[in-house]
Each structure stands twice: as C-alpha cells, then as structure tokens.
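First up is the structure itself, then whatever we jot down about it.
Predicted model, so just to flag it, every value in this text is computed and none were measured.
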Amino acid sequence: MRKNRLKVPRMILLIGVILFSQIALHPNVSEAASTGKLLYDVTTDKAMYDPGSKVELRIDLKNKLGRNIVGGSVEIKAKYLQEQVGETITKALNLNNNTDLMMMANWIAPESDFKGYLIEVHVKDAAGVIVDSDTVGVDVSSTWTKFPRYGYVWDFNPNTNTTERIDKLKNYHINVLQYYDWKYRHHKPVSPNMVQWDDWSGRVIYGDTVRSYISQAKAMGMSNMAYNMIYAATSGYDLDGVERDWALYYADDNPNGKGNFSFKMSDSTSTGITDLYFFNPRDPGWQNYIFGEMNKVFQTFDFDGWHGDTVGEWGKMRTADNQTLYVKDTYTEFLNNAKQAIGDKKLVFNPVGAQGIENVNKSNVDALYAEIWPWDRDSDGMLYDTYYSLKKEIEQSRRESGGKSLVVPAYMSYDYGEQNPGSPFNTAAVMLTGASVYAAGGARMELGDNGNMLSNEYFPDQNLYMTEELQHRISKLYDFIVAYENLLRDGQTETTNRIEFPAYASSAYGDANKIWAYGKKDSQYEIVQMINLLGVSKKDWRANDGQKETPQHISNFEMKYYYSNEVNSVWLASPDANDGRSKPLAFTKGKDRNGKYLKVTVPSLEYWNMIYMSVEDSGCETDPSMKEYVVNGNFENGQQGWTYTGTADHGVDSNDAYEGSKYWIYGSEPYTASVLQTVSGLNPGTYTVSAKVKQNTGNPSSSRMQLTGYGGKPVYVSIPHGEEYTTISKTVKVTNGSLKITFSQTASGDTNLQIDSVVVELKDQ
C-alpha cells in the first residue's frame, strides 16, 4: 500500500545485487495481491534509469498478520509485459508480529533502451503460502521525452523540504518537472538579486530553494523545465530592452478586444504588476531578445529545458506595421528557431486549448503538451469536452508529430474546486479521465510538489485533495503506465477491429452507460483498450460539479474480438486488479460472416482493462494455446467457467506459479459430485479432450470423465487410482458446435479427486 512516502527504518537487511538477463522464463500467474498486512510499500530510488544502470529497490515491511513469520521468504522478480526477465531472487525472512523491517535490493537494469518493467515482490510464510505481495514499475529510458510523465513544483519558500517533495513525486515515477512561476519577470526571468526575488504577483522566490529542487530532482532521475511564456512581458518592459515595435495589437475586426493584445492577471498585486503584454513571436527582434533571456536562465540555473506557454488563441492580430496574423500560425517558426537557439536544452510548448496544436506537432519540440479546455474545438470542430475528444487529440497529435506522446493538463472539477476549497476529488472522475488519456497513448500533467493534484491552471491554488484511496489508485496507475509503456505509447496505431460484449452495451466512442472498447496494434501485439462507463450517466471528462458515478464493477463476462493476425496467446493487465500483473486468458476461436474471432471470459472490469494478444505462444504451461477451447482449463482463475453439483467439499488450490492450480473434490462421508463445463462455438470436426487427474485417497465406486452433447453417444474415461497425476483423454466427432465435459465421482467417504490442465484440441476438420 502506498501511504507514507517517507519512512524511518528500524532495521535494515541488505539483499545482494540482483543480476537479470534478457532470458524469458515462465511468468508468474498467481492470484497474489497487496493486503497491506505485511508489505507496506515497494519503491525505487529514481523515477527513471539509464539502460544497464543500478536500480535500488526499497521494500518496507510492517508485520500486522497477528503472528510471527519464521522461516519465511521474500521473492523478487522482474517482468517485461508477461515474461519474466532473469531469475527469481529468494531471501530468508524472519519477522516478529508488530515489527518493522526495511530491505534494500539492487537490480541491474537490462541494456535495452526505452523499456518498462514491473518488479514483483512476494512474501511467503514457512509453508510457502503467499501472505502478501506488491509491485512497482521501473522505466529504463535514456531520456524522458519518449515516455513523459510530467509533474510540477511551485513552492520556493526557504523552509521548503525539497527532498521530501521530490521523493513523493519520484515514487509516482514523475520524470520531468515544470517549475511554475519561479522566475522574476516574464520578459526578464533572471532576477538582478540572485538570493531572493518576488515574482509578478509578489510571491517571494528563494534562489537556493530553486537550486535545491533542481539538484534533488536530477539525483532522482528527473529533468527540470523552466516555465516561461514565449511572448509575454510585464509593465516596465521598455526599460529592460523590449521594443514597442515588437508588440501585438487586436485587429480592427477582432471582437475580443482593442488596442494592445494584453491579459489581466490580477486587479492588484504588491508589485503593481497586474497585466501581461504580448509580442509578435514571428518578429526577429523579439525572438533574439527572449532567446537571449532564456539562455541567461540556463547559464544561471541548471535547468534542462524551457517549458513555453501561451494564453491561447484570441483571434486576428496586427503588428506595429499593420501586418495581420494569427498567433497560432507563428508557432512552428518560433519553436524551431527557439530549439536551435537553446542548443542541447529541451523544449516543450503549450498551445492552450490545443489551438494551433497542428503547428506545434510538426515543429522540433522535444515533447508535446497541450492544456485542454472543454469549450475549445479540434480541427474538425469537435468540442474538447468528452472522454473521446481527449483520445482523438492524443492519437491525431501522435500521427502529426511522428509518434510523440501528448501530455494533457486537463483540470478536474475546476468550478467545484474553486467553490468548495478543501474538498476531496471524486475518485471515479479522476480515474476515468486518466484511463481515457493513458489508454489512448497520452500522459497527464496532474501531480505536483507535496503530492498534490491540480484542479486549476494556477498551480499554487491547491483547491482539492486526493483521498487515501485515490492516492493508492493513482500510485498503482502510474506503476501501470510505466510497466506497460511499450504497449501504450511505443508505436501503436488504431484499428477498427470489431469488438463485442454479448451481455453489455459497448461503444468505440466513449458513450455513457457502455463499455468503451477499441483496438490498437503494433508489430507484435493486437490490443484492446476497455474503459468502464457502465452506470456513468455523462461522458464529460471534467466533472466540473465534482460529481461522477462509480462505474458498475462487472465480472466474468464474455468479449468477442475479431482479430487480424494469428493469435496464440491472450493476456489481461489492469491497474485496478492483481497489482498490475499480466494474467493469461483462455480463449476459443471461430469464424462467422464478420471474420475470424476469438472469445475470452474477462474476469473483472472496474475502471480500465488492457487485453493484448500475440502470435507467439507464451511458453507458459498455464497459458492457452490456439488449440485450446476450455475456459479456465488450468483453474488459475478459481472455479470460473465450471459448474459444481453434489454433496462433497470442493474448491481450487492455488499454488506457486510453476505448479499452477488444481480443482479438488473431497468427502469424509458418502457423496456424489460432478464438475462440468459446456464448450460452445466449436466448428464441426474431431476433437480430443484431455486432463491431468489424480485420485489417491479412498476407493470410489465410480470416478470418470464423461463427454456428451456433441452430437453423438456419451463416452466415458475412467480415472485410475494412483499417487501421481496421470493424463486421460478421449476423442469425439463434434457435429453440433458444442461439447459438455463432466468429471464425476461417487464414493463411500474419505475419498478425493484432483483435476488440472483440461484441454480441448482440434484434430481434424
């Protein structure tokens, strides 16, 4: 559980260096998940790592099990998507009840650049039972620009604990920071007094605090971007070398204003500065001036780049010599010249409202960023007010920019926050907007110093707060987008593949009260993004009144997906379940008038699921191959897909991933019992049904597998008595598209039956 970001260790146990190779092992498909009773937190020492560098893992344990752990163990393993990378490290654990322990482990990251990993930590007792588990994401990237995770800082007081604040953001894997209103003046960002200065509003800024933030952030793997507008100046600018001839004016037919293009920021301030005045970004004189001022910033502070800003598009403007222009049409030229002027520093730019974003997308900026407002419109005239509008802009920007991932500041519950300061964010509203952005391949800009979340474009306004539940969910969400960055925003393109949910309404456009599902693909995977809007009455992302219904949590429902390439493995991953681990899904295949399809039973949908499919067989014994048709044939999902009748005890034992799970029946008294499943959607043909079985206690009068309902006479296979698992099988000719598989037993008492690895294989059509 992510609760306390700074912890004082009472005991330190040093685990040796963990060396991982790129060899893929069988994945862990256990049902372990965080309980909070033992594993308090798992964190890393940086937000991002260079390939081949050392990753320091910190594992905090607090034993609240009500018993001592003696002879237990801690297991650490790394995953790239569904595949384990390297070997599992197992360390002994002894921890008394109500005792704390901190472990440190060093993992050497693989040499591959731009890869996301999920580190899994399992704690087992002396019997080998997992008593707690957790995960943490690790981004191995040489620069933040491919997978940006933007955050911000704004508090530059002398007593600010910069180490604590940066550490909180590091634990969310924030890899680049916007330094909001750190500067002296917009047109003169570096103050004559390097010790302290006031910003335009009168807030006191301390130079050492700015420098401390920068150094702490660099130490934790984050980059630092100096915020400043690209074309703004405050009053008194003419005394600092800014020429009036560079100014912009409202055109005569512009209904938004008259005279100087300016913007009122406040009615009064202690500095006397209330307005911004704007200059022509295309003017060479202004460009040379502001580029020179920004290079003074880089000479004075160790910033890594310039975060440029605007106040949006305000219509037709004119210059001092009566030339007319729209500011958005100057973006490409200005940004390309700015990038050249600042050399190796990074450049990010905010076309407010995404107005003119097409001109930014084709420029040389290092990353894309656009503050979204619901009253602005995209290039097709569509308002940016729905979940789908966010997805649409993210995907269009990716195409126009050659693959860059758009960062979206979209301030949640704006009016509600201003009217109800000190209130909590609505968890469902935040999670659904986040899912809409991340599933589409974008990123959010929402988290800032001291772990705050934005609801307003003026970052010092901290109107709303995250509840403990939302903090935990956001933490898991950010782990997820790191671990699966190579499926979310690494060359994926949209598809129009048909997706159906027989039991629920669905839509490809984020409609209310439906499952929002759409397809993506890359060179290896076909992907279904699935966002839950069932029970959500409005499709607005902003939730401006602070209200949003929690989606209807659904379980064990069917998805029918029409695939393009051959599929031999199907996996499910979600930030809402199983701590983000990938789970294999059993599937069946068929063909109808709409094409080739596969069917899966989706175990659960809360906010957001991602299903990814590959032509490659996973190599995992519990993963269904293309010839398997049984739902949950290895019982890794408990009793899902199976129906029990009878008088005996029954259930599923979940063991270690390499042993898998098994279905068991046992009765101390006389009983009859059966467990069955009907497989449907089979094409006519010859099928072999096989299973691993063990019957080693008692002496049943009848113990067998029975095949019926396939269009022929019932057939039976006896289950033998023995101490080891044995494989039984039977072949039948299916003529009516279905096959009922039943395992049954009749016994006088003290008798058992164990079943595993049930497979239906097509032999001939």
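Y384 and E393 share a donor-acceptor pair across their side chains, judged by distance under 3.5 Å alone. Using modelled atom types and a 3.5 Å distance limit, the side chains of Q754 and Y725 yield a donor-acceptor pair. No hydrogens or angles considered: a donor-acceptor pair under 3.5 Å links the side chains of S582 and Y612. Checking W642 against Q640 by side-chain atom types alone, no donor-acceptor pair falls below 3.5 Å. Side-chain contact check for N556 and T601: no donor-acceptor pair (N or O, by modelled atom type) lies under 3.5 Å. With 3.5 Å as the limit, one finds a donor-acceptor pair spanning the side chains of Y562 and D592. Side-chain atoms of Y411 and E371 form a donor-acceptor pair, as typed in the model, at a separation below 3.5 Å. Checking S729 against T688 by side-chain atom types alone, no donor-acceptor pair falls below 3.5 Å. Judged by distance alone, the side chains of Y561 and E526 do bring a donor and an acceptor atom under 3.5 Å apart. E761 and S690 share no side-chain donor-acceptor pair at under 3.5 Å. Side chain to side chain, S564 and N497 meet the donor-acceptor criterion of an N or O pair below 3.5 Å. Using modelled atom types, one finds a donor on one side chain and an acceptor on the other under 3.5 Å when comparing S674 with T645. Under the 3.5 Å distance criterion, with hydrogens and angles disregarded, no donor-acceptor pair is assigned to the side chains of Y416 and Q547. Defined by atom type and a distance below 3.5 Å, a donor-acceptor pair is missing between the side-chain atoms of S133 and E120.
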inquiry  = Under the criterion side-chain contact (heavy atoms from CB on, under 4.5 Å), I'd like the reasoning laid out for S436 against Y388: C-alpha separation, chi angles, the key distance, then a yes or no.
reply    = CA-CA 7 Å; S436 301; Y388 178 75; over 6 Å; no
task = Given ring-ring contact (aromatic ring centres under 6.0 Å, His included), test Y484 with W571 step by step and report yes or no.
result = CA-CA 12 Å; Y484 295 95; W571 297 85; over 10 Å; no
inquiry  = Using the rule given for side-chain contact (heavy atoms from CB on, under 4.5 Å), can you reason through L533 versus K514, listing the C-alpha separation, both sets of side-chain angles and the distance that settles it, and then say yes or no?
reply    = CA-CA 5 Å; L533 298 178; K514 295 182 180 181; 5.6 Å; no
ask   = Stepwise, does the ring-ring contact (aromatic ring centres under 6.0 Å, His included) test hold for F480 with W608?
value = CA-CA 11 Å; F480 185 83; W608 171 27; 5.1 Å; yes
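The backbone N or O of V631 lies less than 3.5 Å from a partner atom in the side chain of Q677, making a donor-acceptor pair. Of the possible polar contacts, none joining the N532 side chain to the N609 backbone as a donor-acceptor pair under 3.5 Å is found. R149 contributes a side-chain N or O that, together with a main-chain N or O of H173, makes up a donor-acceptor pair within less than 3.5 Å. E566 places no side-chain N or O within 3.5 Å of a backbone atom of V615 that could act as its donor or acceptor partner.
Between E485 and R489, no side-chain nitrogen of the basic residue sits less than 4.0 Å from a carboxylate oxygen of the acidic one, so the salt-bridge criterion is not met. Taking 4.0 Å as the cut-off between side-chain N and carboxylate O, E500 and K599 do not count as a salt-bridged pair. Salt-bridge annotation for R581 and D579: present, with a side-chain N of the basic residue lying under 4.0 Å from a carboxylate O of the acidic one. Of the charged side-chain nitrogens involved, none lies within less than 4.0 Å of a carboxylate oxygen, so that K476 and D576 do not count as a salt-bridged pair. The pair K146-D490 meets the salt-bridge criterion, with a side-chain N (NZ, NE, NH1 or NH2) lying under 4.0 Å from an Asp/Glu carboxylate O.
For the salt bridge (Lys or Arg N to Asp or Glu O under 4.0 Å) test with E494, the passing option among K392, K521, R398 is R398; the others fail.
Cation-pi check for K391 over Y518 is met; the charged atom lies under 6.0 angstrom from the ring centroid and within 45 degrees of its normal.
Residue K560 places its NZ atom among more than 12 non-hydrogen atoms of other residues, nucleotides or ligands, all under 6.0 Å distant. Within 6.0 Å of NZ on K596 lie more than 12 heavy atoms contributed by other residues, nucleotides or ligands.
Note: W373 and Y414 meet the aromatic proximity criterion, with ring centroids under 6.0 Å apart.
Atoms CD and CZ, from Q396 and R399 in turn, are 6.0 Å apart once rounded to the nearest 0.5 Å. Note: I719 CD1 to S744 OG = 7.5 Å, rounded to the nearest 0.5 Å. With rounding to the nearest 0.5 Å, the separation of OH in Y387 from OG in S507 is 13.5 Å.
Between Y663 and H650, the angle of the ring planes stays under 30°, which puts this pair in the parallel group of the 30/60° scheme.
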